[in-house]
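Below: the structure, in C-alpha cells.
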Amino acid sequence: MLQLFFAVAFSAVPLTLYVPPVRSLNLFLDAIQNFLHHTALYALRAYPRFHFALSRILSNLNRRFTR
C-alpha cells in the first residue's frame with residue numbers, strides 16, 4: 001500500500017508544474033479579462049463596417065451576374 005501511495009504521489013508532482021499559483025492565476029485572469037474587454041469593444045465598432053463592406057461587395061456581384 002505504501003508503494004502505491006508513493007507511486008501516485010510522485011506521478012502527480014510533475015502535474016503541479018502546469019498549475020500556476022493562485023496569485024499568478026489572478027493576474028493571468030485579469031489580463032485575459034482586459035484583453036476580452038478591449039477586443040469586444042473593437043469588434044462592436046468594426047462589425048458594422050465589415051457588414052457594410054460585405055453587403056456592398058455582394059450587391060455588386062449580384063448586379064453583375066443578374067444582367
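The residues of the chain are indexed from 1 along the displayed sequence. Because the structure is a prediction, the values reported are computed rather than measured.
- Here the NE2-CD distance, from H38 to Q33, works out to 10.0 Å after rounding to the nearest 0.5 Å.
- When hydrophobic clusters are built by joining Ile, Leu, Val, Met, Phe, Trp and Tyr residues whose side-chain heavy atoms come closer than 4.5 Å, directly or via intermediates, I57 is not grouped with F50.
- With values rounded to the nearest 0.5 angstrom, I32 atom CD1 is found 12.0 Å from L27 atom CG.
- Distance check, rounded to the nearest 0.5 Å: CG of L36 to CG of L41 gives 11.0 Å.
- Placement of F35 and F28 within a single hydrophobic cluster is found when ILVMFWY residues are connected by side-chain heavy-atom separations under 4.5 Å, directly or transitively.
- Under the 4.5 Å side-chain criterion, counting only non-hydrogen atoms from C-beta, L58 is not in contact with N62.
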